[in-house]
There are 2 protein chains.
Amino acid sequence: MATGRTHRPATRSRGIPEATVARLPLYLRALTALSERSVPTVSSEELAAAAGVNSAKLRKDFSYLGSYGTRGVGYDVEYLVYQISRELGLTQDWPVVIVGIGNLGAALAGYGGFASRGFRVAALIDADPAMTGKPVAGIPVQHSDDLEKIIHDDGVSIGVIATPAGVAQQVCDRLVAAGVTSILNFAPTVLSVPDGVDVRKVDLSIELQILAFHEQRKAGEEAGGENAPETGAETPAAAVPPAPRSTGGGRKGPDGDVPAVMPA
Amino acid sequence: MATGRTHRPATRSRGIPEATVARLPLYLRALTALSERSVPTVSSEELAAAAGVNSAKLRKDFSYLGSYGTRGVGYDVEYLVYQISRELGLTQDWPVVIVGIGNLGAALAGYGGFASRGFRVAALIDADPAMTGKPVAGIPVQHSDDLEKIIHDDGVSIGVIATPAGVAQQVCDRLVAAGVTSILNFAPTVLSVPDGVDVRKVDLSIELQILAFHEQRKAGEEAGGENAPETGAETPAAAVPPAPRSTGGGRKGPDGDVPAVMPA
DNA sequence: ATTTGTGAACACGTTCACAGCG
DNA sequence: CGCTGTGAACGTGTTCACAAAT
């Protein structure tokens, strides 16, 4: 889900589908757990259950990687761990910089999942001079003046942005100019990046809003039979409901509780 | 992307497509920014640019909500803000509990985007007695013994899990048993929930791994002509590459650097 | 003259169901 | 017989391109 100008218009590559790539880490995690318990093989059914997908999807996914797996038996856990790790590029170590060491940046710096496999926090960067030198999660914070130098010296190609939204684009631009080609954005903004740079975003409020949508729908369905677009408004007249300039009487959405306040 | 047992097998509802729902918060954010700058109307082209999508997609998305917008003119900003807010259920206030007040939980508690629109942190809950009563982001942490009571008293239907992976499922089970029907999971585990409960997950290491995949691909393409599955291994012989039990010579993935170590 | 709203075409993703192999 | 691997069917999401509206 690369945001910004990153659109590959129907890449002709016979590569792995994006949806599959997004599930490989899930499989890898499940497999790693099995590996730690010294389980030698798994069936697609078992592994799928552990990863929270259905077995047909899993088999299809694996078929893009090649014919690992043995009919009548299942998949060799260790072998699959290796193959998926390799496919994901986790056999090499990726140095990562985190920019913006506020609450969230600090939490990310201390997150165990980082160091676990393939990733290494190369540097923590913040614009606040008061932070410079202060160790966070055991790593001293560096000042953003040195951003370019750090990126270069450590050969960083992945950057994590945990700054306020207002400065995220500038930080992004500097990261990209310095050679970063993959960005994980926690700031609630759309980032614009040149072609060839991947951006993925993690956005708390978007996730909550999607949940709220479904939550609301549940509340509506709970009583209604077919479809109940009625906003079971707990709050009476929440906000001033504006209206567009319109004359005719064409259908305007599912009406229901569209207020009759229609200024000419 | 609800994980767990939450699969709606081809919902017949004439509702809004999931992909569209996932973009509504994006539009809403862009529109809110315009609203604050007192911009009265936007064209699909402008708004799409601001939201980081293309205009055809945006118009199609809006068409599912109804025929807001005026041909030849564009969309009324205020009206659209209201309509999307209503559709997302943000005209009512959603109390949210955050369980697990470690670094991440604390960061989430302090996150501005929470309170911004529609959401309110009803309680912070942690299992550590030493945390109980301690204010985090201005809210006193409560002990997890009281989880059920808190959920009930505040009518909470959305829960955020920011605990270690090991306890995430138990926390989830308790939340669900207490009446929570939407969960945002930051713990790196697959959660199992009964039907009717929505789970969305935010997983740092999965996002990084997806970026690493593309990053690796870029490194390969940069020199190779067609396809270069060569792992540009910085690290020599990263790990012992296992192999499956196999006799024949059928194609086994894209070979390339599949090691010739094949134990019988 | 613009810009929306939308059928139709296309691309992508998922599921089915079974052939093929061990 | 069991389980993988995969073509084919199906469903969802995206893009195109243009008629309709103001």
Side-chain angles (χ1 to χ4, degrees), chain A residues 1-2 7-24 27 41-49 51-77 79-80 83 244-253, chain B residues 1-2 7-24 27 41-49 51-77 79-80 83 244-253:
Chain A
M1 201 172 281
H7 45 145
R8 219 159 311 200
T11 316
R12 78 270 93 96
S13 83
R14 42 101 252 202
I16 301 169
E18 193 55 35
T20 296
V21 172
R23 281 187 294 267
L24 291 181
Y27 301 143
T41 58
V42 258
S43 68
S44 62
E45 203 70 54
E46 294 165 329
L47 184 53
V53 301
N54 70 49
S55 61
K57 199 185 286 189
L58 179 140
R59 287 201 302 278
K60 184 59 102 179
D61 284 341
F62 284 179
S63 79
Y64 294 117
L65 307 184
S67 290
Y68 313 137
T70 310
R71 289 167 205 241
V73 178
Y75 300 91
D76 182 288
V77 171
Y79 187 63
L80 250 192
Q83 288 301 341
R245 321 69 166 288
S246 143
T247 12
R251 68 149 171 69
K252 286 276 175 194
Chain B
M1 198 173 284
H7 47 144
R8 219 159 312 199
T11 318
R12 79 268 94 93
S13 83
R14 45 99 251 201
I16 300 169
E18 192 55 35
T20 295
V21 172
R23 281 188 294 267
L24 291 181
Y27 302 144
T41 58
V42 259
S43 67
S44 62
E45 202 71 54
E46 293 166 328
L47 184 53
V53 301
N54 71 48
S55 61
K57 199 184 287 189
L58 178 141
R59 287 199 303 276
K60 181 61 91 179
D61 283 342
F62 285 179
S63 80
Y64 293 117
L65 306 185
S67 290
Y68 312 137
T70 310
R71 292 170 203 236
V73 178
Y75 300 91
D76 183 287
V77 171
Y79 187 62
L80 250 193
Q83 288 300 340
R245 323 65 165 289
S246 143
T247 13
R251 70 147 170 69
K252 283 278 174 193

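Convention: sequence-line order gives letters A, B, ...; per-chain numbering from 1. Quick note: numbers below take in every heavy atom, side chains included, and nothing from hydrogens, waters or symmetry partners.
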Checklist entry - D:dG5 P sits how many Å from A:L65 CG, rounded? => result 10 Å
Item to check | Axis bend over the full length of the helix from C:dA1-D:dT22 to C:dG22-D:dC1, computed from five pairs that close each end, to 10 degrees | outcome: 0°
Checklist entry - Does some side-chain heavy atom of A:T41 sit less than 4.5 Å from a side-chain heavy atom of A:T70? => result no
Checklist entry - Just how far, in rounded Å, is P of D:dT14 from CG of B:N54? => result 9 Å
Item to check | Among D:dG13, C:dG13, C:dG5, the one nearest B:S63 by side-chain distance | outcome: C:dG5
Next on the checklist: In whole Å, I'd like the distance from the CD atom of A:E18 to the C1' atom of C:dG13.
Outcome noted: 12 Å
Next on the checklist: Suppose we screen for salt bridge (Lys or Arg N to Asp or Glu O under 4.0 Å). Which residues come up paired with A:R23, at least two apart in sequence or across chains?
Outcome noted: A:D61
Checklist outcome for this item: Contacts of A:F62 meeting ring pair (Phe, Tyr, Trp, His ring centres under 6.0 Å) (sequence neighbours excluded), chain-then-number -> A:Y27, A:Y75
Next on the checklist: Judged by each residue's nearest nucleotide on DNA chain C, which is more toward the 5′ side, A:P17 or B:F62?
Outcome noted: B:F62
Checklist entry - Would you say B:L65 and B:L24 make side-chain contact, with heavy atoms under 4.5 Å? => result yes
Checklist entry - Would you call A:V42 and A:V77 a side-chain contact if the rule is heavy atoms closer than 4.5 Å? => result yes
Every protein N/O within reach of nucleotides 7-9 of chain C N/O, cut-off under 3.5 Å:
| from | atom 1 | to | atom 2 | distance (Å) |
| --- | --- | --- | --- | --- |
| C:dG7 | N7 | B:K60 | NZ | 3.4 |

Checklist entry - Does the side chain of A:S55 come within less than 4.5 Å of A:R59's, by heavy atoms? => result yes
Next on the checklist: I want to check one thing: is the phosphate of D:dT15, taken as OP1 and OP2, less than 4.0 Å away from some side-chain N or O of B:K57?
Outcome noted: yes
Checklist entry - Between atom CD1 in A:I16 and atom P in C:dT14, what is the gap in whole Å? => result 14 Å
Checklist entry - Partners of A:S43 by side chain to side chain contact (heavy atoms under 4.5 Å, CB included), sequence neighbours excluded? => result A:E45, A:E46
Checklist entry - Minimum heavy-atom separation for B:A48 to B:N54, with atom names? => result CB-C, 3.7 Å
Can you tabulate the close N/O pairs, meaning under 3.5 Å, that link protein atoms to atoms of nucleotides 1-4 of chain D?
| from | atom 1 | to | atom 2 | distance (Å) |
| --- | --- | --- | --- | --- |
| D:dC3 | O4' | A:G72 | N | 3.0 |
| D:dT4 | OP1 | A:S44 | N | 2.6 |
| D:dT4 | OP2 | A:S44 | OG | 2.6 |
| D:dT4 | O2 | A:R71 | NH1 | 3.1 |

Item to check | Spacing of A:L58 atom CG relative to C:dC16 atom C1', expressed in whole Å | outcome: 16 Å
